[in-house]
Amino acid sequence: MKRATIFFTTMLFLLIFAHSAKAALQDLGGGLIYDDDSGITWMQNANYAGTMTWDEAVAWADNLFFHGYNDWRLPDTDTSCSGKGCTGSDMGHLYTDEGISSNSPGLFTDVKPNIYWSAIEDNLNESWRFNFKYGTQGTSDKSQKRYVWAVRKGKSSPPVVPEPISSLLFITGGATLAVRRYREKM
């Protein structure tokens, strides 16, 4: 009796805490990762497009059509912080709060130990960027080739593969059985 009470109390305790746990990053399938802390969807492949200048990166993200969505952009940056520990930016949050880096990519693939462009322009010659090896953010010359990683606002659903209509499957199966029985009788 005492063992059963301890067992059920332990199970109840585990269920209460397991239910309240909340994963910030969710694999939505189809190459999409949702960050429910930031409310944005990331492309799972951090090296989907390779390297580009900042102007090329912005144009690429503006014209990206991926899984039915055309509102992709480069990640935002909090320009009030430079260096390490900048959690106000999309990439800074991913690195500092979620522990995503080139050495520890988590749910992501191909996170490079290098610099990624941000959407935020600093001046005519420089734009903000983030380094996934060291977790630092700052500015770089826009003509430099850097990696690009697309995000979009909100929770995105991967495309759904159309499912055959159940009645069509039922009719096809029934017709197949009828043909088999007809052939067996001959």
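By convention here, the first residue in the shown sequence is residue 1. Values in this document were obtained by computation on a predicted structure and should not be read as measured data.
Put simply, M52 and F132 are part of the same group of oily side chains (I, L, V, M, F, W, Y) that touch within less than 4.5 Å, one to the next. Both L107 and W149 are part of a single hydrophobic cluster, where members link through side-chain heavy atoms under 4.5 Å apart. I120 is not connected to M91 by any chain of hydrophobic side-chain contacts under 4.5 Å among Ile, Leu, Val, Met, Phe, Trp and Tyr, and they are in different clusters. Note on L74: it clusters hydrophobically with M43, by side-chain heavy-atom contacts below 4.5 Å among ILVMFWY residues.
The ring-ring contact (aromatic ring centres under 6.0 Å, His included) with Y48 is formed by just one residue from the set F108, F66, W42, W72; it is F66. With S118 as reference, T77 is the one residue of T79, T77, D78, T139 to meet the side-chain hydrogen bond (donor to acceptor under 3.5 Å, both in side chains) rule. Tested against R152, the residues N70, D71, T41 include a single side-chain hydrogen bond (donor to acceptor under 3.5 Å, both in side chains) partner, D71.
Nearest heavy atoms, W117 versus P75: O-CD, 3.9 Å. What you find for N125 and N123 is that their closest heavy atoms are N-OD1, 2.7 Å.
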Report the C-alpha separation of L25 and I100 in whole Å, then their side-chain angles, then the decisive distance to 0.1 Å, and conclude whether the side-chain contact (heavy atoms from CB on, under 4.5 Å) test is met.
CA-CA 10 Å; L25 296 176; I100 303 300; 4.0 Å; yes
R129 and Q144: CA distance, side-chain angles, deciding distance, side-chain contact (heavy atoms from CB on, under 4.5 Å) verdict:
CA-CA 11 Å; R129 62 7 173 227; Q144 297 292 312; over 6 Å; no
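Although no hydrogens or angles enter the test, the distance criterion places no donor-acceptor pair under 3.5 Å between the side chain of K142 and the main chain of D55. Judged by distance alone, with hydrogens and angles left aside, the side-chain atoms of E56 form a donor-acceptor pair with the main-chain N or O of T53 at under 3.5 Å. A distance-only check finds no donor-acceptor pair linking the side chain of Q44 to the backbone of T109 [under 3.5 Å]. H67 contributes a side-chain N or O that, together with a main-chain N or O of G30, makes up a donor-acceptor pair within less than 3.5 Å. Panel note: side chain W54, backbone S140; no donor-acceptor pair is recorded below 3.5 Å.
To the nearest 0.5 angstrom, I115 atom CD1 is 10.5 Å from F130 atom CZ. For the atom pair Q26 CD and I33 CD1, the distance stands at 9.5 Å (nearest 0.5 Å).
Sorted by first and then second residue, the salt bridge (charged side-chain N to carboxylate O under 4.0 Å, His left out) pairs involving residues 93-119 (not counting sequence neighbours) are D110-K112.
Side-chain polar atoms of N103 and S101 form no donor-acceptor pair below 3.5 angstrom.
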Would you mind writing out the side-chain donor-acceptor pairs for residues 81-90 within the sub-3.5 Å range, not counting sequence neighbours?
{"residue": "K84", "atom": "NZ", "partner": "Y134", "partner atom": "O", "Å": "2.4"}
{"residue": "S89", "atom": "OG", "partner": "C86", "partner atom": "O", "Å": "3.4"}
{"residue": "S89", "atom": "OG", "partner": "G92", "partner atom": "N", "Å": "2.9"}
{"residue": "S89", "atom": "OG", "partner": "Q137", "partner atom": "OE1", "Å": "2.8"}
{"residue": "D90", "atom": "OD2", "partner": "R73", "partner atom": "NH1", "Å": "3.3"}
{"residue": "D90", "atom": "OD2", "partner": "D76", "partner atom": "N", "Å": "2.8"}

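Residues forming a ring-ring contact (aromatic ring centres under 6.0 Å, His included) with Y147 (at least two apart in sequence, or on another chain): Y116.
V58 is not listed as a side-chain neighbour of E121, based on a closest heavy-atom distance of 4.5 Å or more.
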